[in-house]
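Just so you know, ligand 1 is whichever comes first in the structure, and atom 1 is the first atom listed for that ligand. Along the sequence shown, residues carry numbers from 1.
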Amino acid sequence: MTTAFVNGQYLPLAEARVSPMDRGFLFGDGAYEVIPVYSRRAFRLDQHIARLASTLAAMRLHNPHSTAEWQAIVGEIVARNPWPDQSVYLQVTRGADTRRNHAFPGPEVMPTVFLMSEPLLTPSAEQLASGVAAVSAADIRWLRCDLKTVSMLANCLLRQHAIDHGCAETVLFRDSFLTEGAASSIFVCKDGVLLVPPKSHLMLPGITYDVVLELARSHGMKHAVREVLEAEVRSADELWMTSSTKEVLPITALDGRPVGAGTPGPMARQMVAWYQDFKHTVMRNG
Ligand code: PDD
C-alpha cells in the first residue's frame, strides 16, 4: 500500500483527499518535483528542494517548509513506502479558496502540500542497449519553462505526440533551436563533443543535466554549453534524453531516421556507465 502525505498527515494514498476548490486543480497553480530514490536514499535531494524553492519564489508562493522540514518529510515518505528504489512526487499548490478567483487568495488560505511515492522505473537493459525512438515538434509552451509547475498541458500533449508515433519522447525546437524534451533534457554529440543548450527561461534546469555536465567535466569528456541549432540535432552523431527517472537514455531514431549509426554511440555508453557508477558511489558513501 502506498503511503502519501497531505498537509502534515501521512496516510494511505487511497484515502488522501484535496478539495476540488484547490488552485492546483482549478488553475494548475502549483509547483512539483520528482525525486529519484536509490536504496532508500534520495538522490540530489538538496538540489530538488532548492529548485522547488526557486519555482515557489517565482510563483510568489510562500515556501511552507524549511529545507530541514522537506528533508524530514521526504525521508519519512521513503521510509514508509515498501520499495528500496522509489520515485517521490512532491507538489505544493496555492491552496483552496472558498470561491474561484484568478487573483491570489488572502494569507488565510494555506498552500496544499502533497507527496506520494511510486516504484522507480528506470530504463530497461534492452532500452539502454538499443536506445529509444523520438519525434520532434515545435515547442508550444510558455516563456517560463524554467519553472517546474503543474500547469503541464503542453508537456502532456507533446509527450502523447511521441506515444502516438510509437516513440518514447518528443524533442522540442523553438525558432530552429533545441530547447529540451517534453519531460527530459536533450543532449547532442557531434564530432566527439557533447553539446547542450544553456539554462534559460526556455527550459527546465534539470538536476540530471547538472550531473551529466559534472561527469563530463570530471572525466574530461569534451563538451560545450551553447545554443544548439535544429540542423545540428538532425545531423547529430548521438542524441540522449536525461531525467531523474530516465537517467541517461540514448535516442537512436528521430522522426523515423537513424541518429548516427542508429545504435547507442560510444559517448552515450561512456556516460551511462559513469552515471551508474556515480549513483552507486553516492548511494554507498552518502
Ligand atoms: N521531468 N525538462 C522537463 C520538461 C522535465 O519535465 C524534466 C523532468 C526534465 C529533467 O529534469 P530532471 O533531470 O531534474 O529530472 C527536463 C520529471 C521527471 C517529470 O515530470 O516526471
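- For atom 1 (N) of ligand 1, the closest non-hydrogen atom of the protein is K148 NZ, 3.3 Å.
- Taking distance alone, with nitrogen or oxygen atoms compared against 3.5 Å, S244 approaches ligand 1 more closely than that limit.
- For ligand 1 and A182, the ligand atoms under 4.0 Å from any heavy atom of the residue are 4 (C).
- Under the rule for a side chain to side chain donor-acceptor pair (under 3.5 Å), the partners of Y32 that lie at least two apart in sequence or sit in another chain are K148.
- Atom CG of D164 is surrounded by more than 12 heavy atoms from other residues, nucleotides or ligands within 6.0 Å.
- Taking distance alone, with nitrogen or oxygen atoms compared against 3.5 Å, G206 stays at or beyond that limit from ligand 1.
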Determine whether R234 and S136 satisfy the following criterion, side chain to side chain donor-acceptor pair (under 3.5 Å), listing intermediate values before the conclusion.
CA-CA 10 Å; R234 297 204 180 278; S136 67; 2.9 Å; yes

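- The atoms of ligand 1 that sit less than 4.0 Å from any heavy atom of E180 are 2 (N), 3 (C), 4 (C), 16 (C).
- For atom 6 (O) of ligand 1, the nearest protein heavy atom (residue, atom name, distance) is A183 CA, 3.4 Å.
- R60 forms no cation-pi arrangement with F104, by the criterion of a distance under 6.0 Å to the ring centre and an angle within 45° of the ring axis.
- Around the OH atom of Y38, the shell of radius 6.0 Å holds more than 12 heavy atoms that belong to other residues, nucleotides or ligands.
- You'll find the side chain of L194 reaches within 4.5 Å of the side chain of C189, heavy atoms only.
- In terms of N/O distances under 3.5 Å, ligand 1 is not approached by S243.
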From CA spacing to verdict: side chain to side chain donor-acceptor pair (under 3.5 Å), E169, S184: CA-CA 8 Å; E169 183 56 306; S184 61; 2.7 Å; yes

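- Heavy atoms of M203 found under 4.0 angstrom from ligand 1: none, in either backbone or side chain.
- When the options H48, R44, R51 are ranked by their closest heavy atom to atom 14 (O) of ligand 1, first place goes to R51.
- For ligand 1 and Y32, the ligand atoms under 4.0 Å from any heavy atom of the residue are 6 (O), 19 (C), 20 (O).
- The aromatic rings of H102 and F27 are tilted relative to each other, their planes meeting at an angle between 30° and 60°.
- If you look at V34 next to ligand 1, the close heavy atoms, those under 4.0 Å, all belong to the side chain.
- Using the six-membered ring where Trp is involved, F187 and Y209 have ring planes that are tilted, between 30° and 60° apart.
- An N or O contact shorter than 3.5 Å is missing between N155 and ligand 1 by distance.
- At a heavy-atom cutoff of 4.0 Å, ligand 1 is contacted by both the backbone and the side chain of T208.
- Residues that satisfy the side chain to side chain donor-acceptor pair (under 3.5 Å) test with E118, not counting sequence neighbours, are absent from this structure.
- Atoms of ligand 1 found under 4.0 Å from any heavy atom of S185, numbered from 1 in the order shown, are 10 (C), 16 (C).
- Considering both main-chain and side-chain atoms, T245 never comes within under 3.5 Å of ligand 1 through any nitrogen or oxygen pair.
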